[in-house]
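A short worksheet on the structure shown next.
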Amino acid sequence: MSSILYSCLRRHQQGSACFQLLSHLQSLNIAQLHFDAHNNNNSNPSCSPHIELQRLLVEKSKSGFDNLADALAVFDKMLKSQPLPHDFHFNQLLTALVRMKHYNVVVSLFRDMCSLCVPIDVISFNIVINCCCHSNRIDFAFALLAGIFKRGFVPDVFTYTTLIRGLCCQHKSAEARVMFTNLVKFKEFEPNVVSYSTMINGLCKTGHTDMAVWLFRFMEKSECKPNTVTYSTIIDSLCKLGLVEDALKLHSEMIEKGVLPNGWTYASIIQVLCKLKRWEEVDRLLKQMINDMKVSPDVHIFTILVDAYSRSGKLDDAKRIIEIMNERGECPDTVTYSALIQAYCSQGQTDGALAVLNTIKSKKMKPNCYTYNILLDAYCRELKLDIAMDLYRNMACEGLLPTVETHNILLHGLCQLGISKEALTFFYKIQDQGHKLDIVIYRTLLDGLCKNQYVDKALSLFHLMRCNGLIPDKDTHNIIIRGCLRNKKYNEACKLMDKMVDCGFLADAFTTSLLQHLVLSEVQDPTLLAMHQKCLQSGM
DNA sequence: TTAGGGTTAG
């Protein structure tokens, strides 16, 4: 094993829980080797008594179990079988659980398997490593890599690709890159197209598209050529960076090289073209996708279109897309309907939006918090707080936990309506209920209180922020300073401005212009003049 | 039997 791998292992084996697992695996090592020898003599699948179990596992590893209890019951049955089923079958069970996204259960079962000397192989390890990565436990994943070595197994391309993906998901693409490079350098693994694509995606998602493009070009010159996923990954990153011409160029390049774009490729490009309102090109690409590439637009692409039309105020076009989807038998999902709700709301048609919400429910689909937030925002803008509050209560009835955005929308609505006392009561209620309060919530409430002549309440709240673990930022300082200025609390405003400057923030354009207005229009106040002078001197 | 890319938000 190369030194780089040792250093990766060391770095990721620092959690105590991780050490426990590692020592657990090490202690089982000798027993396992004995078991493997024993099992190899006794696990001939052809004379296995569990044909029915095997048939079930083949089916469930593809479709998944109906529920977790069923899967666990099968696992239990397998443990009680004599002789024990082959590692292949245990892996099938673990795979079925991975498909159901029960990652922690897989890790737990794997531990049981180790304790009970159930046969495991490098594939079992790979499955569990993948689960650790999905559960953001990269430390466990590396402990398991150590387990592979301890058992005398050899990590394969799946093992390393999974670990590289795990590191990238933890925003550790630099470590992933070093690991990738050194593994290749020391001939520990030969990356395939999935490994390259994984590394390229990790670099793209962590803001290193330039490096990703370099690796992509390197790959092109190697034996392992980029495929549709590799091209789509780079194209998506270029689109997200606004480098649409480069993305379109690469799209043409892939077609020339015979690598066919798929729905994912088109989704990225269509989305950026929609954002840029290059509608003719959107139409051209949609036609090319459907007619030339024979790629049917899926719910994802349709949702991008509904969202784009919604943002451009094209409600009729958004509705037309839903009709097309229904004609083609492509079911809009909650996200598609949320985009449609947004389209109605942005045209001031809240009743239409509410009808869409009811459509979602009538189709036995579950609206999510985002869906509700869009509607709540629209009703708050119309100052129909009673309807907004009804919807908020509906969320709770439907078992939806409101987000910090939900509360911010409602607080903003209450303040806009001029009922800041109610806003304050609502704020304390959500605080008592243990909901998350962020700086935006404070900004909204402080602004609302100041604008409704409750500046003293605002000042107490501002001073309480730190007690609640929130450090006032530049915007929050400016809001409270403007509130004091508007309410003629010039001394307080002056003190707060000094404090703000001490924190390293400057007055923003709104504050300086208000200050200038007051200096020009009010009776000459020495504090105001001093503040204005400070602003001028510091270049605010 | 194991690894890769996407949509909604104040």
Side-chain angles (χ1 to χ4, degrees), chain A residues 54 57-58 60-62 86-96 98-99 106 121-131 133-134 155-166 168-169 189 191-202 204-205 226-237 239-240 262-271 274 298-308 310-311 332-342 367-374 376-377 380-381 403-413 438-441 443-444:
Chain A
Q54 288 178 16
L57 284 168
V58 170
K60 297 299 178 190
S61 62
K62 285 179 189 143
H86 198 277
D87 47 22
F88 174 87
H89 299 299
F90 278 100
N91 291 344
Q92 279 184 315
L93 179 93
L94 297 182
T95 303
V98 171
R99 297 242 156 89
V106 173
D121 60 5
V122 73
I123 297 178
S124 326
F125 271 101
N126 290 346
I127 294 168
V128 186
I129 286 174
N130 185 32
C131 289
C133 293
H134 276 289
D156 59 16
V157 68
F158 285 79
T159 322
Y160 289 127
T161 305
T162 308
L163 284 167
I164 285 163
R165 184 184 171 277
C168 292
C169 287
F189 98 130
N192 61 19
V193 67
V194 179
S195 324
Y196 273 110
S197 302
T198 304
M199 189 66 251
I200 285 172
N201 184 50
C204 287
K205 294 294 177 295
N227 67 6
T228 304
V229 175
T230 331
Y231 271 100
S232 304
T233 305
I234 297 277
I235 286 174
D236 183 64
S237 196
C239 289
K240 294 224 162 43
N262 62 13
W264 296 61
T265 330
Y266 280 102
S268 305
I269 304 174
I270 286 171
Q271 189 184 26
C274 283
D298 61 3
V299 63
H300 190 124
I301 293 189
F302 279 126
T303 304
I304 288 171
L305 291 171
V306 173
D307 179 59
S310 156
R311 285 170 192 275
D333 62 13
T334 307
V335 183
T336 325
Y337 280 126
S338 298
L340 184 64
I341 286 175
Q342 182 67 70
N368 59 29
C369 280
Y370 296 134
T371 323
Y372 271 101
N373 286 353
I374 299 163
L376 288 173
D377 191 41
C380 285
R381 279 173 202 275
T403 62
V404 65
E405 290 81 20
T406 316
H407 292 130
N408 189 48
I409 291 166
L410 290 170
L411 273 173
H412 190 256
D438 67 1
I439 197 148
V440 187
I441 289 259
R443 258 189 242 148
T444 303

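Everything numeric in this text was worked out from a predicted model, so none of it was measured. Letters A, B, ... are given to chains in the order of the sequence lines, protein chains preceding strands, and every chain is numbered from 1.
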Less than 4.5 Å apart, any side-chain heavy atom of F189(A) and any of S195(A)?
yes

On the nucleotide dA9(B), are OP1 or OP2 found under 4.0 Å from the side-chain N or O atoms that R311(A) carries?
yes

With respect to the phosphate group of dG5(B), does any side-chain polar atom (N or O) of R165(A) fall under 4.0 Å of OP1 or OP2?
yes

When we call it a touch if two heavy atoms are under 4.0 Å apart, what does N201(A) touch: a base, just sugar-phosphate, or nothing?
sugar-phosphate

Have a look at V193(A) and say if it touches a base, only the backbone sugar-phosphate, or nothing, with a 4.0 Å heavy-atom cut-off.
base

Please state whether the base of [N] and the side chain of [X] form at least one donor-acceptor pair under 3.5 Å?
X       : N      : answer
D156(A) : dA3(B) : no
T233(A) : dG5(B) : no
H300(A) : dG6(B) : yes
T198(A) : dG4(B) : no
N262(A) : dG6(B) : no

Under the criterion of centre distance below 5.5 Å and interplanar angle below 30°, is Y370(A) classified as stacked on the base of dT8(B)?
no

Which residues satisfy the side chain to side chain donor-acceptor pair (under 3.5 Å) test with T444(A), sequence neighbours excluded?
N408(A)

Could you list the residues that satisfy side chain to side chain donor-acceptor pair (under 3.5 Å) with N373(A), not counting sequence neighbours?
T403(A), T406(A)

The side chain of [X] lies closest to which of these nucleotides: [options]?
X       : options                 : result
D438(A) : dG5(B), dT7(B), dG10(B) : dG10(B)
T265(A) : dG10(B), dG6(B), dG5(B) : dG5(B)
D236(A) : dG4(B), dG6(B), dT7(B)  : dG6(B)
V229(A) : dG6(B), dG4(B), dG10(B) : dG4(B)

Calculate the interatomic distance between L411(A) atom CG and dA9(B) atom C1'; express it in whole Å.
17 Å

